[in-house]
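In this chain, residues are counted from 1 in sequence order.
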Amino acid sequence: MSKIMTFVFTIVFIVILYSIIILSLRIMAKDVKNGGRKKRLKKASLGIEVMDPGENQTLKKGAIIPITNEITMGRKDDNSIILNDQYVSGHHSKIYIRNEQCIVEDLNSTNGTFVNGDMINGRRYVEEGDKIRVGSVTFKIIG
């Protein structure tokens with residue numbers, strides 16, 4: 001009788017051991033597949049569309065620029081969008097997203113930044129469909 005009990009316990013132990021190994025391998029495979037990250041919901045992505053490139057040869061009408069972090073505009077080479085326009089300052093304006101809201105900020109430019117035809121002072125929240133004019137260039141917020 002003790003040989004039968006020993007055999008049964010050995011079989012049960014082996015089944016439990018293999019179950020633990022298989023479960024561990026499944027968990028590790030899932031971690032490797034996801035890169036160890038939890039799935040995140042994608043935020044609605046925003047961008048700006050070039051409605052009128054004005055005097056700028058580098059911009060094409062209909063081009064879309066995604067707003068991922070921050071977009072700076074101006075004549076200087078360290079801007080995200082370099083505008084060769086006589087009405088644009090070195091560091092003219094920037095567009096960024098904070099708390100899931102899009103903001104346009106005039107950086108004390110000489111000729112101003114316009115949202116829907118109105119000159120802005122400092123920052124202004126913008127929404128999909130709003131038009132932004134910097135110098136002779138017109139952009140539209142798209143989502």
Within a reach of under 6.0 Å around CZ of R98, are more than 12 heavy atoms found that belong to other residues, nucleotides or ligands?
yes
Take atom CZ of F114 as the centre, draw a 6.0 Å sphere, and report whether it contains more than 12 heavy atoms from other residues, nucleotides or ligands.
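Result for CZ/F114: enclosed.
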Residue list, side chain to side chain donor-acceptor pair (under 3.5 Å) with [X], at least two apart or on another chain:
X	answer
T68	none
N56	none
Y96	E105, R123
D130	N116

Checking one residue: [X]. Which other hydrophobic residues are in its cluster under the side-chain 4.5 Å linking rule?
X	answer
I4	V8, V12, I16, I20
M5	F9
I142	I64

Holding to side chain to side chain contact (heavy atoms under 4.5 Å, CB included), I want the full list of residues that pass it with [X], two or more places apart in sequence or in another chain.
X	value
T10	T6, I14
M51	E49, T138, K140
T113	H92, S93, V104, D106, S109, I120, I132, V134

Any pair counted as salt bridge (Lys or Arg N to Asp or Glu O under 4.0 Å), so long as it reaches residues 55-69, sequence neighbours left out
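Sorted result for residues 55-69: empty, none.
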Applying salt bridge (Lys or Arg N to Asp or Glu O under 4.0 Å), which residue pairs with at least one partner in residues 68-79 are found, sequence neighbours left out?
E70-K94
Heavy-atom pair with the smallest gap, counting every atom of L46 and C102
CD1-CB, 3.8 Å
